[in-house]
Amino acid sequence: MSDSIRVRFAPSPTGPLHIGGVRTALFNYLFAKKHNGVFVLRIEDTDQSRFVPGAEEYITESLSWCRIPFDEGPGKDGGYGPYRQSERQHLYKKYADELIASGHAYYAFDSNEELQGLRKTAESKGESFIYNWHNRMRLNNSLALPEKEVQNLLDTGVDYVIRFKSPSEGAIVFTDLIRGTIEIDCSLLDDKVLFKSDGMPTYHLANIVDDHLMEISHVIRGEEWLPSLALHHQLYEAFAWTPPKFAHLPLILKPTGKGKLSKRDGDKLGFPVFPLEWTDHQTGDLSRGYREDGYFPETVINFLAFLGWNPGTEQEIFSLEELINAFELERVHKGGARFDPDKTRWYNHHYLQQQPDSELAGAFIASRDELGVDQMLYTEKVVGLIKERAHFVSEFWELGHYFYVAPDSFDTKGLKKAVKDDTPNLLRELSEHISSVSFDSAKTIRQSIRDWIEAKEIGFGKVMMPLRLSLVGALQGPDVFDIMSMIGRDESLSRVNALLNTID
């Protein structure tokens with residue numbers, strides 16, 4: 001194995017990529033780039049029965065949208081391809097045969113019916129059936145059967161699997177870069193299947209062979225793979241290969257902090273758990289995606305980085321380059337990371353403020369049939385006034401519809417608060433004054449109306465609240481004089497008169 005840093009993200013194309021998978025890809029990417037290494041995408045499609053059309057394309061598009069592109073993978077050969085396990089099928093049988101020849105694996109001819117019967121018998125006694133040193137010499141395999149009978153079974157094409165021969169005693173001790181020293185009692189391990197009757201390897205064998213042949217230096221993967229670590233270490237020993245260094249990331253937990261985050265949690269609480277929208281090819285059900293829900297890629301990267309890692313400082317906003325510089329596996333937590341939907345919205349609010357008004361205006365216009373591209377410059381100005389209050393572009397219409405259409409009603413609470421006995425007379429006088437005000441700029445309008453209010457020696461709120469109500473329809477929105485400057489004198493007068501008609 002070379003001294004260079006090579007990491008891999010190895011998803012299975014069995015459906016949409018969970019946000020936890022994106023975090024695994026991100027941490028691999030950050031680690032690789034921090035150490036001038038290579039980030040590899042490998043598609044682990046050995047289980048053809050679970051293959052879902054379009055899933056691989058979804059994975060690559062998700063990584064691209066999240067701005068964490070792979071250096072090597074399907075379509076980007078770095079000399080270690082192919083990068084789909086289904087295209088590497090010819091490699092694995094050779095290594096399975098090597099394990100049999102060295103005595104580390106054996107043929108097992110037990111049928112599914114036989115094994116199911118053994119499991120049911122064990123369950124009836126309150127026990128669990130484990131295929132390992134306890135019982136393998138009593139089962140239908142090449143360790144227990146005469147050599148001639150084994151050869152006959154192979155020659156006649158009887159279905160078989162190849163199982164790893166786990167030790168019956170002792171302990172396996174290994175180091176995880178996040179969790180430290182881990183010790184496993186060998187007597188509790190089962191003889192895992194390495195090669196299936198359909199001629200395909202299981203995840204365990206293909207994973208080890210590919211990591212070795214691709215010279216992977218560090219395996220950074222989810223906590224759910226911890227139970228497989230003992231077998232994987234034993235396989236490296238059986239092949240006399242130097243194992244990579246392992247790091248197992250903590251689970252992403254539900255917002256309650258109890259249990260692993262699932263799609264149901266997102267559906268229930270109103271947030272996506274997938275980077276992009278996904279339509280189930282069997283049911284037609286649509287699952288929401290962060291992209292389609294209006295989140296920015298920078299948001300997804302930033303909040304995912306903080307799910308299980310922290311920089312050791314108070315800084316919460318990181319560019320991708322800053323994350324690369326700050327990232328250390330030693331600062332990844334062991335415990336599960338609670339998902340916080342409110343924090344993701346907070347991040348999106350921050351990144352929305354950083355976007356050019358022109359891009360936000362384009363997205364706003366594209367989302368509303370009422371708006372046209374001929375309103376681009378006007379809409380850019382609108383966006384500049386309202387975006388501070390928004391988390392998503394989808395909120396722009398609610399926050400700024402009055403820039404385009406006059407209110408057709410007035411908020412009841414606003415009327416109660418803003419309208420007093422003398423309000424009609426004040427609005428009539430204000431309407432006359434507005435008719436003579438220069439609308440060159442918001443500043444000019446502001447100064448003129450302020451001078452008028454001061455000259456009349458009345459409270460500022462007595463005029464400004466009903467004026468805002470007339471323009472917006474509620475006591476909300478950006479600066480009143482910015483609104484007036486945008487919609488113009490005639491529209492401002494029309495809206496003041498509309499409120500007058502309502503309260504008269």
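Treat the numbers as computed from the prediction; the structure is a model and nothing was measured. Numbers for residues simply follow the sequence, beginning at 1.
- Residues forming a side-chain contact (heavy atoms from CB on, under 4.5 Å) with Q315 (at least two apart in sequence, or on another chain): T313, F318, E322.
- In this structure, I220 and T24 have side chains that are not in contact, with every pair of non-hydrogen atoms separated by 4.5 Å or more.
- Here D210 contributes atom CG and Q85 contributes atom CD; the two are 4.5 Å apart, rounded to the nearest 0.5 Å.
- Within 6.0 Å of CD in E398 there are 12 or fewer heavy atoms belonging to other residues, nucleotides or ligands.
- Remark: D479 pairs with R446 by the salt bridge (charged side-chain N to carboxylate O under 4.0 Å, His left out) rule, at least two apart or across chains.
- In this structure K381 satisfies the salt bridge (charged side-chain N to carboxylate O under 4.0 Å, His left out) test with no other residue, sequence neighbours excluded.
- Counted by atom type alone, S262 and D265 present one or more donor-acceptor pairs between their side chains at under 3.5 Å.
- Side-chain contact between L41 and I59 is present, with heavy atoms from C-beta onward closer than 4.5 Å.
- The two residues S431 and N497 have their closest heavy-atom pair at OG-OD1, 3.6 Å.
- Using a 4.5 Å heavy-atom threshold, the side chains of L63 and P69 count as separate.
- Screening F403, Y404, F396 for a side chain to side chain contact (heavy atoms under 4.5 Å, CB included) with T379, the sole residue that qualifies is Y404.
- Of all non-hydrogen atoms in A32 and V7, the two that sit nearest each other are CB-CG2, 3.7 Å.
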Side chain to side chain contact (heavy atoms under 4.5 Å, CB included) evaluation trace for F39 with F31 | CA-CA 9 Å; F39 174 49; F31 183 78; over 6 Å; no

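- Note that CG of L493 and CG of L500 are 11.0 Å apart. Values are rounded to the nearest 0.5 Å.
- Cation-pi geometry between R368 and W397 is met: under 6.0 angstrom from the ring centre, within 45 degrees of the axis.
- Of the possible polar contacts, one joining the K76 side chain to the F70 backbone as a donor-acceptor pair under 3.5 Å is found.
- A salt bridge between K343 and E316 is present, with a side-chain N of the basic residue lying under 4.0 Å from a carboxylate O of the acidic one.
- Proximity of a side-chain donor or acceptor of T14 to a complementary backbone N or O of F51 within less than 3.5 Å is not detected.
- Electrostatic pairing of E491 and R495 counts as a salt bridge here, judged by a charged N lying under 4.0 Å from a carboxylate O.
- Among all heavy-atom pairs drawn from L499 and P466, the shortest one is CD2-O, 3.2 Å.
- With values rounded to the nearest 0.5 angstrom, D482 atom CG is found 12.5 Å from I386 atom CD1.
- At a threshold of 4.5 Å between non-hydrogen side-chain atoms, the residues L426 and K462 count as touching.
- Although no hydrogens or angles enter the test, the distance criterion places no donor-acceptor pair under 3.5 Å between the side chain of E87 and the main chain of Y83.
- Under the 4.0 Å criterion applied to side-chain N and carboxylate O atoms, K334 and E223 are not assigned as salt-bridge partners.
- Side-chain N/O atoms of H248 and R179 include no donor and acceptor closer than 3.5 Å.
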Given I19 and V300, is the side chain to side chain contact (heavy atoms under 4.5 Å, CB included) satisfied, shown in steps?
-> CA-CA 9 Å; I19 206 70; V300 175; 4.1 Å; yes

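- Without hydrogens or angle criteria, H391 side chain to T344 main chain gives no donor-acceptor distance under 3.5 Å.
- A salt bridge links E56 with R84: at least one charged nitrogen is closer than 4.0 Å to a carboxylate oxygen.
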Steps toward side chain to side chain contact (heavy atoms under 4.5 Å, CB included) verdict (L229, I184) = CA-CA 9 Å; L229 189 53; I184 300 290; over 6 Å; no

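- For residues 279-292, the salt bridge (charged side-chain N to carboxylate O under 4.0 Å, His left out) pairs, not counting sequence neighbours, are E61-R291, R288-D293.
- At most 12 non-hydrogen atoms from other residues, nucleotides or ligands lie less than 6.0 angstrom from NZ of K417.
- Taking the six-membered ring where the residue is Trp, the centroids of F296 and Y347 are separated by 6.0 Å or more.
- For N348 and R345, the side-chain atoms include no donor-acceptor pair closer than 3.5 Å.
- Side-chain polar atoms of D211 and H232 form no donor-acceptor pair below 3.5 angstrom.
- Note on R42 versus E72: no salt bridge recorded, every NZ/NE/NH1/NH2 to OD/OE distance being 4.0 Å or above.
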Please tabulate, one pair per line, all N/O donor-acceptor pairs under 3.5 Å involving side-chain atoms of residues 355-364, not counting sequence neighbours.
residue	atom	partner	partner atom	Å
Q355	NE2	Y351	O	3.1
D357	OD1	K387	NZ	2.9

Might you work through the side-chain hydrogen bond (donor to acceptor under 3.5 Å, both in side chains) test for N310 and H333, ending with a clear yes or no?
-> CA-CA 8 Å; N310 75 67; H333 310 154; 2.8 Å; yes

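- With respect to the salt-bridge test (charged N to carboxylate O, under 4.0 angstrom), the residues D71 and R8 do not qualify.
- Residue H204 holds its NE2 atom at 8.5 Å from CG of N207, rounded to the nearest 0.5 Å.
- Considering Y290, W309, F271 as possible partners of F303, the one that fulfils the ring-ring contact (aromatic ring centres under 6.0 Å, His included) test is Y290.
- Scored by the side-chain hydrogen bond (donor to acceptor under 3.5 Å, both in side chains) test, Y29 finds no partners at all (sequence neighbours excluded).
- Contact between F327 and K34 at its shortest, heavy atoms only, is O-NZ, 3.0 Å.
- No donor-acceptor pair under 3.5 Å is formed between the side chain of R221 and the backbone N or O of L226.
- A donor-acceptor pair under 3.5 Å links the side-chain atoms of N325 to the main chain of E321, judged by distance alone.
- The distance between the ring centers of Y295 and F392 falls below 6.0 angstrom.
- For the pair R389 and E395, the tightest heavy-atom approach, listed with the atom from each and the gap, is O-OE1, 4.3 Å.
- The two residues P244 and I216 make their nearest non-hydrogen contact at CB-O, 3.4 Å.
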Taking it one step at a time, do Q354 and E298 satisfy side chain to side chain contact (heavy atoms under 4.5 Å, CB included)?
-> CA-CA 11 Å; Q354 311 306 310; E298 297 89 342; over 6 Å; no

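- With rounding to the nearest 0.5 angstrom, the CG atom of L415 is 10.0 Å from the OG1 atom of T423.
- Residue-environment remark: CZ (R67) exceeds the threshold of 12 foreign heavy atoms within 6.0 Å.
- Of the possible polar contacts, one joining the S12 side chain to the E44 backbone as a donor-acceptor pair under 3.5 Å is found.
- For the atom pair CD (Q447) and NZ (K443), the distance works out to 8.5 Å, reported to the nearest 0.5 Å.
- Cation-pi geometry between R23 and F27 is met: under 6.0 angstrom from the ring centre, within 45 degrees of the axis.
- Within a 6.0 Å sphere centred on CG of D369, other residues, nucleotides and ligands contribute 12 heavy atoms or fewer.
- One N or O on the side chain of T60 and one on the backbone of E57 form a donor-acceptor pair closer than 3.5 Å.
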